[in-house]
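See structure below.
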Protein chains: 2
Amino acid sequence: MSTNVHGARPLRFGANYTPSKDWFFGWYDLDLDAASRDFDQLAALGLDHIRLFALWPHLQPNRSFIAPVVLEQLAELVRRAKAAGLDTNVDVLQGHMSGMEFMPVWLSTRHRRSIYADPDVVAAEEELLTAVARRLRDEPGFLGLTLGNEMNLLVTEYPTNLDEITAWLPRLLAACRAGAPEATHLHSTYDAVFYSEGHPFTPAHVGELGDLAAVHSWVFNGTVQRYGSDSEIVRRHAEYLIEQAAAHLNDPARPVWLQEVGAPLPLIADDDLDAFVHGTVQHALDCPSLWGVTWWSSHAVSRRFTDFKDLEHTLGLYAEDGTVTPTGRAFAHAVAQARKDPGAPAVRHTAVLLPDERTSDPRAAYGPGGAVFEAWMRLATTGARPALVRPAQVESGAAALNGITDILRPEDVL
Amino acid sequence: MSTNVHGARPLRFGANYTPSKDWFFGWYDLDLDAASRDFDQLAALGLDHIRLFALWPHLQPNRSFIAPVVLEQLAELVRRAKAAGLDTNVDVLQGHMSGMEFMPVWLSTRHRRSIYADPDVVAAEEELLTAVARRLRDEPGFLGLTLGNEMNLLVTEYPTNLDEITAWLPRLLAACRAGAPEATHLHSTYDAVFYSEGHPFTPAHVGELGDLAAVHSWVFNGTVQRYGSDSEIVRRHAEYLIEQAAAHLNDPARPVWLQEVGAPLPLIADDDLDAFVHGTVQHALDCPSLWGVTWWSSHAVSRRFTDFKDLEHTLGLYAEDGTVTPTGRAFAHAVAQARKDPGAPAVRHTAVLLPDERTSDPRAAYGPGGAVFEAWMRLATTGARPALVRPAQVESGAAALNGITDILRPEDVL
């Protein structure tokens with residue numbers, strides 16, 4: 001039997017904070033009162049936390065210079081969020097935001113070198129993470145740091161490999177802890193970590209490193225295109241990723257944070273939006289490991305800004321004109337329901353057996369259209385509430401310990 | 001006979017402004033009072049103008065967004081410079097500064113596209129230049145715009161060709177004029193424009209486009225390494241570049257601005273520094289076309305900043321501790337001498353004939369070690385005060401009109 005962690009640990013609901021005023025293009029000329037108004041709006045939706053993003057070139061414009069004024073800005077934003085009733089997680093090494101990559105000059109053009117392995121660069125990243133953590137550790141409402149937003153998106157610009165990432169992530173997480181030992185620190189990845197064969201960030205990195213395991217669920221990854229905006233599969237994509245993370249936890253007590261999920265319009269059709277938002281939240285609540293759900297994003301990227309993919313303008317809980325979007329209404333409603341009656345997470349007796357990652361990279365089977373994805377979805381959409389288990393978990397008895405009694409290979413299901 | 005333009009148009013002496021406080025890494029958190037103190041220091045050296053650099057990502061963080069606060073900062077800096085007695089030229093599209101390249105996110109990583117030819121990008125550059133010019137046009141002391149600092153340094157990151165640059169420069173200069181019709185607008189290049197065969201920016205672009213023709217003289221380009229820190233050739237490198245620009249003017253009334261010149265230590269040995277600074281200024285004054293001399297740079301880049309080439313820390317007129325450097329003392333002395341007695345520019349009867357640029361690219365012969373460079377220096381260092389002329393100028397009679405009577409091919413000299 002799985003324990004009801006929802007009862008023991010209240011679920012958290014929040015938003016990835018994208019400023020209403022000038023998006024991050026206004027970050028250099030921060031309007032604190034506008035930020036406070038944004039935070040009040042998010043609290044009004046029933047949310048309890050935000051994910052706040054620093055801009056790396058702004059925060060650390062030179063390898064040996066952390067801008068004091070920007071540290072103070074982060075602290076002030078954390079304080080103002082708390083004043084609105086919101087706790088704050090801070091992502092530091094941005095880096096990637098909505099298709100834009102804010103890289104400091106000392107890592108660009110002629111100064112390009114590995115952000116994952118160059119000794120000088122990694123030392124500077126450590127210093128920065130420690131400095132931010134130390135500055136924020138005593139701010140009420142400060143939850144902890146995420147190293148940076150989806151830093152596995154930068155592997156194209158900064159090629160790397162498994163060994164480098166396996167060494168890098170623990171070093172940077174230790175740097176966070178050095179600055180704020182009591183806070184909750186983690187790293188974040190987009191779904192190539194689960195779906196791309198050979199990708200240097202792995203499911204083990206998600207499951208084994210950091211105080212929370214974070215997943216980012218984006219159905220524009222081929223899921224909605226393949227299965228349709230009105231499909232249950234689309235509404236279960238986040239749940240599936242949470243189960244993927246859960247299957248890779250080395251410590252079953254480590255919670256999984258659905259740190260990003262969003263409704264990209266018009267890929268999600270207007271008519272399907274409500275079901276998508278509610279279904280996504282409800283299915284996530286079914287996962288025993290769930291820590292919370294953080295919607296992407298708080299405020300729409302204004303259409304007066306160019307060079308974004310169109311869908312980036314469609315994701316806000318609040319629209320450009322300051323009104324709540326249909327997505328915002330649906331999420332607020334789902335949150336209210338969940339707070340009123342979170343329910344018990346589903347007891348999972350059935351699991352799909354993952355191919356053995358110790359012998360080959362199984363990730364081609366994990367993604368949309370892959371055998372594991374298809375088998376899990378087949379079971380999930382026919383009432384079975386399946387988990388995922390690794391052969392190593394079966395061998396060690398960990399699967400049985402978690403109540404898993406029926407273990408099916410993908411080919412047994414399909 | 002050349003006319004004494006020095007008499008008609010007072011020579012200008014200034015500095016390229018590199019802020020003492022946190023270099024451009026502090027630009028996001030501008031300390032106006034520190035800037036005023038910097039300006040007062042430069043005025044105290046007898047200077048009359050600065051060249052002021054915007055940071056492109058700060059000023060235009062999105063292709064369709066010019067940050068109003070940064071426009072105001074530029075205006076305030078121009079006002080404060082004027083309060084100190086300094087006029088200001090503003091460089092806009094930085095871009096390149098001392099080996100760092102500040103590029104907006106919308107031109108980086110996945111958004112990389114030609115800064116010289118992409119229609120959307122060029123339109124955004126035009127908008128920005130017009131907006132900056134319009135905002136500054138009525139500020140007392142505003143001289144005009146330079147498109148950006150040595151934008152020909154960006155051709156590695158953003159490949160281009162002669163036709164694109166030939167179309168691009170006039171468009172951007174027109175955009176400056178649209179915003180400030182009365183001001184003096186120009187573009188700037190590093191010396192690949194004169195020395196690199198096939199380089200897409202050409203001497204004709206220098207001589208024919210913009211209200212001033214700008215040259216940047218950096219003897220670390222091989223000159224000091226080849227000829228020695230104590231050589232007259234090193235002290236005449238700036239003069240040679242001014243004569244190169246003068247030879248390519250389509251309008252002999254267009255002045256040539258020695259917009260950047262500096263003393264890179266220890267390539268210039270301590271013992272040779274005084275002679276280098278005085279010689280550079282005096283030889284430049286010999287050029288009839290000279291508008292003025294602007295030293296690089298005002299304030300040393302602090303050594304607490306990493307990832308600069310060592311020589312970048314050695315160039316300031318003021319040192320990190322706020323004292324005048326030996327370079328600063330020498331330049332101030334040379335400026336005082338020049339203001340007291342600018343002398344008449346040398347009458348030039350002798351010229352080295354450039355290879356015909358209409359039939360092949362002659363630039364390999366122009367640089368240090370090349371036949372034109374060597375011939376001109378041979379004559380210059382033996383008292384002849386040579387000019388440079390193009391075959392087309394000889395054919396049209398323009399050379400004779402300028403008083404050139406002795407025209408020597410490089411092989412006649414060497």
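The chains referred to below are lettered A, B, ... by the order of the sequence lines, with proteins before strands, and numbering in each begins at 1. Values in this document were obtained by computation on a predicted structure and should not be read as measured data.
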Side chain, backbone, both or neither of [X] within contact of chain B (heavy atoms, under 4.5 Å):
X         : value
Glu101(A) : both
Pro104(A) : neither
Phe308(A) : side chain

Quiz prompt | Neighbours of chain A found in residues 105-120 of chain B - heavy atoms under 4.5 Å | solution =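 So the qualifying residues are Val105(B), Trp106(B), Thr109(B), Arg110(B), His111(B), Arg112(B), Arg113(B).
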
Practice problem: Write out, in numerical order, the residues from residues 123-136 of chain A with a heavy atom short of 4.5 Å from a heavy atom in chain B. | Solution: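 Heavy-atom contacts from residues 123-136 of chain A to chain B are absent.
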
Exercise. Identify which of Asp29(A), Asn62(A), Val69(A) forms the greatest number of heavy-atom pairs closer than 4.5 Å to chain B.
Key: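 Highest number of pairs under 4.5 Å: Asn62(A).
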
Practice problem: Please determine, among Ala67(A), Gly99(A), Gly26(A), the option with the most heavy-atom pairs under 4.5 Å with chain B. | Solution: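 The answer is Gly99(A).
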
Practice problem: To the nearest 0.5 Å, tell me how far Leu59(A) CG sits from Tyr28(B) OH. | Solution: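 So the CG of Leu59(A) and the OH of Tyr28(B) are separated by 12.0 Å.
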
Quiz item: Between Phe25(B) and Phe65(A), what is the ring plane arrangement, given parallel below 30°, perpendicular above 60°, and tilted in between?
Solution: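 Answer is tilted, since the angle falls between 30° and 60°.
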
Quiz item: Which one, Met103(B), Met97(B), His96(B), leads in non-hydrogen pairs under 4.5 Å with chain A?
Solution: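 When all of Met103(B), Met97(B), His96(B) are compared, His96(B) has the most.
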
